Amino acid sequence: MSLFKKNPFGHILFLKRWLIRIAGMITHQRYKGFNTLEIEGSQVIRDLPDTNVLFVSNHQTYFADVVAMFHVFNASLSGREDSIKNLGYLWNPKLNIYYVAAKETMKKSLLTKILAYAGSISIERTWRAEGKDVQRQVKFSDISNIAKALDDGWVITFPQGTTTPWKPLRKGTAHIIKHYKPVVVPVVIDGFRRSFDKKGLRVKKKGILQSMHIKEPLEIDYENESIESILEKLEYAIEQHPSFLKVISQEELAEYEAEHQKRKYSYRGD
Ligand SMILES: CCCCCCCCCCCCCCCC(=O)OC[C@@H](O)COP(=O)(O)O
């Protein structure tokens with residue numbers, strides 16, 4: 001029965017569709033209402049194949065970044081031109097969109113467990129857990145779940161693996177790119193950390209201009225390019241290469257540093 005059709009992760013699509021519709025209705029005003037999300041690149045979204053696409057993005061808040069992408073990707077696919085006006089685009093959302101998230105983040109509460117149902121590929125970060133540095137082996141099942149999601153659709157990932165800006169990119173992303181050869185689409189977001197709290201659940205300030213720039217897919221020589229070269233390309237594309245540091249304002253830098261200082265004492269943030 002089509003009502004109970006499942007995806008390769010065993011998620012019932014009917015439930016997933018309602019979850020996206022409801023979460024979308026609740027959150028729409030956060031991007032078009034209290035705040036304004038400026039979008040660039042909806043045509044790029046429309047030109048993509050249906051599967052094996054990897055979105056690489058800079059990361060500002062745990063949840064609001066991905067929620068905004070669900071809005072923008074679906075609005076673009078429904079023909080909106082760089083806009084998320086008129087929520088009708090959520091009636092038939094693309095159901096094969098996934099995102100890579102830290103397992104510890106997605107297991108935290110009932111709400112995060114519900115959000116995970118909308119497409120989380122929950123992985124164990126090998127270098128960080130509960131705000132502390134750790135060293136763990138890559139879990140094979142984590143990689144195979146990312147592969148399964150790419151095979152089924154689109155995957156969003158944050159290669160820095162943390163919301164602290166300017167952190168180096170993790171090598172794992174480049175290995176996945178070389179191995180599974182997805183179309184790689186860079187996304188650059190801004191203004192999320194100013195309008196939301198760190199988790200991206202609470203609206204901190206209204207009237208903020210947020211932005212999302214979806215760039216043309218990267219040209220990558222999957223066979224011959226080195227991991228380092230792929231990482232550097234990604235770093236420039238998502239505007240997290242150290243050379244970009246020179247152009248951020250003193251004020252912004254002070255804000256990031258104050259944040260970082262706070263986190264030293266309380267790794268749960270906020
Ligand atoms: C249209 C609306 C549809 C809504 C669908 C639901 C979308 C669910 C959004 C959940 C997104 C979760 C992404 C998690 C990324 C993540 O795992 O972030 C936390 C970590 O980096 C930890 O960072 P840090 O504490 O800074 O080291």
Side-chain angles (χ1 to χ4, degrees), residues 11 15-32 37 55-78 80 84 86-134 142 146 149 154-170 172-173 187 189 192-193 196-201 212 240 256 259-260 262-264 266-270:
H11 295 141
L15 289 180
K16 186 165 164 168
R17 186 180 294 115
W18 273 106
L19 177 57
I20 294 172
R21 286 175 185 162
I22 293 167
M25 278 190 280
I26 297 172
T27 54
H28 189 245
Q29 280 191 79
R30 295 165 165 235
Y31 309 102
K32 191 162 174 50
L37 176 62
F55 292 90
V56 292
S57 177
N58 63 319
H59 199 11
Q60 296 198 330
T61 69
Y62 291 5
F63 305 109
D65 309 6
V66 172
V67 173
M69 288 180 210
F70 269 69
H71 277 287
V72 171
F73 295 176
N74 282 301
S76 303
L77 290 173
S78 308
R80 311 278 188 293
I84 55 166
N86 177 2
L87 255 180
Y89 59 79
L90 280 181
W91 191 248
N92 266 318
K94 182 172 166 66
L95 292 175
N96 51 349
I97 301 179
Y98 300 92
Y99 54 90
V100 179
K103 192 176 274 172
E104 67 201 56
T105 309
M106 302 315 292
K107 281 202 320 206
K108 234 164 220 158
S109 66
L110 180 64
L111 175 67
T112 59
K113 285 180 189 157
I114 293 173
L115 291 178
Y117 205 84
S120 176
I121 310 164
S122 304
I123 63 163
E124 279 185 9
R125 292 183 295 172
T126 55
W127 76 104
R128 210 170 151 74
E130 313 291 346
K132 293 202 182 75
D133 292 340
V134 296
D142 289 348
I146 295 173
W154 295 358
V155 175
I156 299 163
T157 191
F158 301 95
Q160 290 166 299
T162 178
T163 49
T164 312
W166 317 114
K167 284 281 180 189
L169 276 57
R170 308 296 310 174
T173 312
V187 179
I189 53 167
F192 286 73
R193 194 60 189 88
F196 299 106
D197 67 327
K198 186 160 113 83
K199 292 201 180 93
L201 291 177
M212 184 182 300
Q240 290 291 308
Y256 288 141
E259 190 86 12
H260 187 71
K262 246 199 302 183
R263 250 197 258 181
K264 264 193 182 160
S266 150
Y267 60 76
R268 300 185 60 201
D270 289 328

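Just so it is clear, the structure is predicted and the values come from calculations on it, not from any experiment. Note that ligands are numbered from 1 as they come in the structure, with each ligand's atoms numbered from 1 the same way.
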Does ligand 1 have any atom that is closer than 4.0 Å to a heavy atom of Arg125? yes

For ligand 1, find out whether one of its N or O atoms is nearer than 3.5 Å to an N or O atom of His59. yes

Could you list the atoms of ligand 1 found under 4.0 angstrom from a heavy atom of Ala23? 4 (C)

Please report the interatomic distance NZ(Lys107) to NZ(Lys113), rounded to the nearest 0.5 Å. 8.0 Å

Can you tell if the side chain of Tyr98 reaches within under 4.5 Å of the side chain of Ile156, non-hydrogen atoms only? no

Quick check: do Tyr31 and Phe192 have side-chain heavy atoms less than 4.5 Å from each other? yes

Look only at interatomic distance and state if Thr163 has a nitrogen or oxygen under 3.5 Å from any nitrogen or oxygen of ligand 1. yes

Ligand 1 atoms nearer than 4.0 angstrom to some heavy atom of Ala118 are 5 (C), 6 (C)

Per side chain to side chain donor-acceptor pair (under 3.5 Å), Tyr62 is matched among Lys198, Lys108, Lys199 by Lys198

Taking 4.0 angstrom as the limit and counting only heavy atoms of Arg128, give me the atoms of ligand 1 inside it, by number and element. 27 (O)

Is it true that a side-chain atom of Gln160 and a backbone atom of Leu169 form a donor plus acceptor pair closer than 3.5 Å? no

Residue portion contacting ligand 1 (non-hydrogen atoms closer than 4.0 Å) for Val66: side chain

Report yes if Thr162 has an N/O atom closer than 3.5 Å to an N/O atom of ligand 1; otherwise report no. yes

If we ignore hydrogens and angles and just use 3.5 Å, is the side chain of Asn74 paired with the main-chain N or O of Ser78 as donor and acceptor? no

The answer for which part of Ala101 has a heavy atom under 4.0 Å from ligand 1 is both

Given Lys94, which partner from the list Phe73, Phe70, Trp154 fulfils the side-chain contact (heavy atoms from CB on, under 4.5 Å) test? Trp154

Minimum distance, heavy atoms only, to atom 11 (C) of ligand 1: which one of Tyr99, Phe158, Phe73 is it? Tyr99

Enclosure of Lys103 NZ (heavy-atom neighbours >12, cutoff 6.0 Å): yes

Verify, without hydrogens or angle tests, whether His59 (side chain) and Asp65 (backbone) share a donor-acceptor contact under 3.5 angstrom. no

Is His71 close to ligand 1, meaning an N/O of one under 3.5 Å from an N/O of the other? no

Ala102, any N or O under 3.5 Å of ligand 1 N or O: yes

As an exercise, identify every atom of ligand 1 less than 4.0 angstrom from a heavy atom of Phe63. 10 (C), 11 (C), 12 (C)

For Gly24, take its heavy atoms, then give the atoms of ligand 1 lying under 4.0 Å from any of them. 1 (C), 2 (C)

Assess Lys198 for proximity to ligand 1: is some non-hydrogen atom of it under 4.0 Å away? yes

Are the side chains of Asn58 and Pro165 in touch, meaning some heavy atoms are under 4.5 Å apart? no

